[in-house]
Amino acid sequence: MKDENYSLENYKLRERILELESIISCFDDIVFVVSSDGTILDSWTLQPQELFFDRDRILNIPIEDLFPEEFASTMVDILEKTIRTKKSHQIIYQSPVEAFKGSWFRLKTRFMENFPGKVMVVISNITKEIELQYEVEMEEEKFNQAFMHSPIGMLLLDGRMRIVDQNRALLEMLGMEDEKTFRHKGFSDYIHQDHIKELMVAVTDLRLGIVHKAVVETRVCTKNGKYLWCLISFSSVKDQDGQVTYFICQIQDLSDFKEIEKKLKFQNSALEKINFELEIKIKQLETINQVLAHDLRSPLANIEMITEQLKTGTKSRQDRKYLDMILLSGNKFKNHLGRMIDFLESLDSLDHKFKWNDVNSIFKDSVNELEKQIKCSGFNIIKQSQRTMFFFPMKYLKTLFKYVILCSIKETGSENRASLLFNESEKTLKLHIKSNNQSEMDPYNYNVAAEKLKEVMTVDFFIAKHQVLSVGGSIKFLQPDSQNYILVIKMPVNYVA
């Protein structure tokens, strides 16, 4: 009976040992039982390929015979320390075996209370953990570098809006030198009271996830107590539960922007005033146009009629000559008046609008139109600069070109050569016309049509010239002799392309 009970207990014990061995072998780690002198007594693992050697080869073999001397010595030291202190110890090391080169492991020892002189050693492959840790450290390093060396102010706040860290750019922006002094105050202590409510609303929306980023324009206190306009961009860092752990703030100095904004407001105000004055002047021009068109034409017509009647009833040759002179002057005045009325009435046309115009094309059109008007030929364009654009009404450019051309045409059949060149450095356009006019002109070759048209365009030239001056440009018309005619136009930089 006793033998049967003994056999049964022995059987149960072997079953229990097998069960425990099965449980241990299911671990992802490698488990060894090692004696105090470093001899491997037993091992268990779910993946035998992760053993440094075949299991049968390592059993009852000292560690010194399996691993390099330095590593084996470290292993023996930690085993002795575990037995001496009766406490667990661990080391992290890189594989000393070539087959696992580059892999990282964690070795943990556990003192076996019921088995003196024996130590359990658990080895875990932590290569993925080390690689992940390295990646996290690299990302942290990148963040720290970007945070600390950013050219704009950077500020790190905890979940309760307390200052954790800041970069040098922010301290310089606020005139601070000591980091501890800066962190001594709360973040809200640096914000102007007028903006506290707006800032807290933005932060609350960010904390609750209503927005992913908050931007606030506020005034921030500097070291000397003055306030600096800044643009603060908030973003949040949350934990696994969605709770905000940190706020990252980017702070930009808006001083220059605010100064420009102030100037723009002043300029807008000035422009509104100028616009109002222009509207008044336009109304005045409309009134003048009505006066010219109606109130002055009638007296001129009466003067012409009365002069004709006086001429009819006068027998004196001298008096008739004076009356002819009065009629001639009246006709000239009437023509100039008509040109002014036409000008005022055509101000709304596209030709009088400011737009980008090709100077070379307009000059060619001016030559072609004049050749048709006064039936002249022999006008040659010998030089032209590259494509030059003026932001200026086409009508005035044509008037300036035509008037200079007409001045150069003195004789019928004269040959004129023109060059139109733009000086990029001086922003000047130079029209130079060279004519073969004789110093003593033959009356029979006098170009009457050109002279009459030039006389009619005198008022137009005067108006066009003053339009150039009104935009800040300058204009010169030079006639050094009877054969050279030079027009120089200089426009502001923003009117030239």
Side-chain angles (χ1 to χ4, degrees), residues 1-138 140 240:
M1 189 70 178
K2 290 182 179 181
D3 292 337
E4 291 179 1
N5 291 337
Y6 177 78
S7 298
L8 181 61
E9 289 178 3
N10 192 27
Y11 173 77
K12 288 182 179 180
L13 184 60
R14 285 200 302 271
E15 286 292 318
R16 181 58 177 164
I17 291 172
L18 289 173
E19 182 181 358
L20 290 173
E21 288 182 347
S22 298
I23 291 173
I24 294 174
S25 64
C26 289
F27 293 165
D28 290 335
D29 304 322
I30 304 173
V31 181
F32 293 97
V33 174
V34 185
S35 65
S36 58
D37 61 357
T39 301
I40 299 175
L41 303 177
D42 207 346
S43 70
W44 297 269
T45 180
L46 182 62
Q47 298 176 339
Q49 68 272 15
E50 288 196 357
L51 282 171
F52 301 134
F53 308 98
D54 292 337
R55 184 174 184 277
D56 295 337
R57 180 184 170 187
I58 63 176
L59 293 180
N60 300 315
I61 302 295
I63 291 173
E64 289 91 338
D65 296 343
L66 297 174
F67 298 103
E69 181 180 352
E70 185 178 354
F71 179 75
S73 175
T74 303
M75 290 277 288
V76 171
D77 289 343
I78 197 172
L79 290 172
E80 291 176 350
K81 187 177 180 180
T82 302
I83 294 174
R84 186 174 64 255
T85 62
K86 297 182 180 182
K87 292 182 179 180
S88 297
H89 297 278
Q90 74 170 20
I91 58 170
I92 293 175
Y93 62 93
Q94 211 167 5
S95 173
V97 180
E98 188 66 27
F100 291 88
K101 186 177 181 180
S103 297
W104 287 86
F105 296 89
R106 180 192 296 112
L107 182 148
K108 274 188 176 182
T109 61
R110 291 192 178 277
F111 178 70
M112 302 179 70
E113 188 71 35
N114 298 323
F115 299 93
K118 294 182 180 181
V119 177
M120 180 179 287
V121 178
V122 180
I123 298 177
S124 307
N125 190 331
I126 59 170
T127 303
K128 290 184 179 179
E129 294 178 27
I130 293 294
E131 290 175 351
L132 181 61
Q133 182 181 349
Y134 176 76
E135 291 178 6
V136 171
E137 289 175 353
M138 287 299 295
E140 288 180 353
Q240 294 179 347

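What you are looking at is a predicted structure, and each value in this text was computed from that prediction instead of being measured.
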Got a sec, which residues hit side chain to side chain donor-acceptor pair (under 3.5 Å) with Thr74, two or more places apart in sequence or on another chain?
-> none
Could you pull out all residues at least two apart from Ser103 that satisfy side chain to side chain donor-acceptor pair (under 3.5 Å)?
-> none
Side chain to side chain contact (heavy atoms under 4.5 Å, CB included) between Val31 and Val121, worked out = CA-CA 6 Å; Val31 181; Val121 178; over 6 Å; no
What do you reckon, is CD of Glu69 surrounded by more than 12 foreign heavy atoms closer than 6.0 Å?
-> no
Give me the one residue out of Ile83, Val76, Ile78 that meets side-chain contact (heavy atoms from CB on, under 4.5 Å) with Glu80.
-> Val76
Would you mind reporting whether Leu41 and Asn60 have side-chain heavy atoms less than 4.5 Å apart?
-> yes
Atom pair [atom1]/[atom2] of [X] and [Y] - distance to nearest 0.5 Å:
X      : Y      : atom1 : atom2 : answer
Met75  : Glu64  : CE    : CD    : 10.0 Å
Met120 : Ser88  : CE    : OG    : 10.5 Å
Ser95  : Asn125 : OG    : CG    : 9.0 Å
Glu131 : Ile126 : CD    : CD1   : 11.0 Å

What donor-acceptor contacts under 3.5 angstrom involve side-chain atoms of residues 104-111, with partners at least two apart or in another chain?
from: Arg106; atom 1: NH2; to: Glu129; atom 2: OE1; distance (Å): 3.3
from: Thr109; atom 1: OG1; to: Thr82; atom 2: OG1; distance (Å): 2.7
from: Thr109; atom 1: OG1; to: His89; atom 2: N; distance (Å): 3.1
from: Thr109; atom 1: OG1; to: His89; atom 2: O; distance (Å): 3.2

Note: Ile63 and Ile40 closest approach over all heavy atoms is CG1-CG1, 4.4 Å
Identify the two heavy atoms, one from Gly102 and one from Thr127, that lie closest to each other, and give their separation to 0.1 Å.
-> O-CG2, 4.4 Å
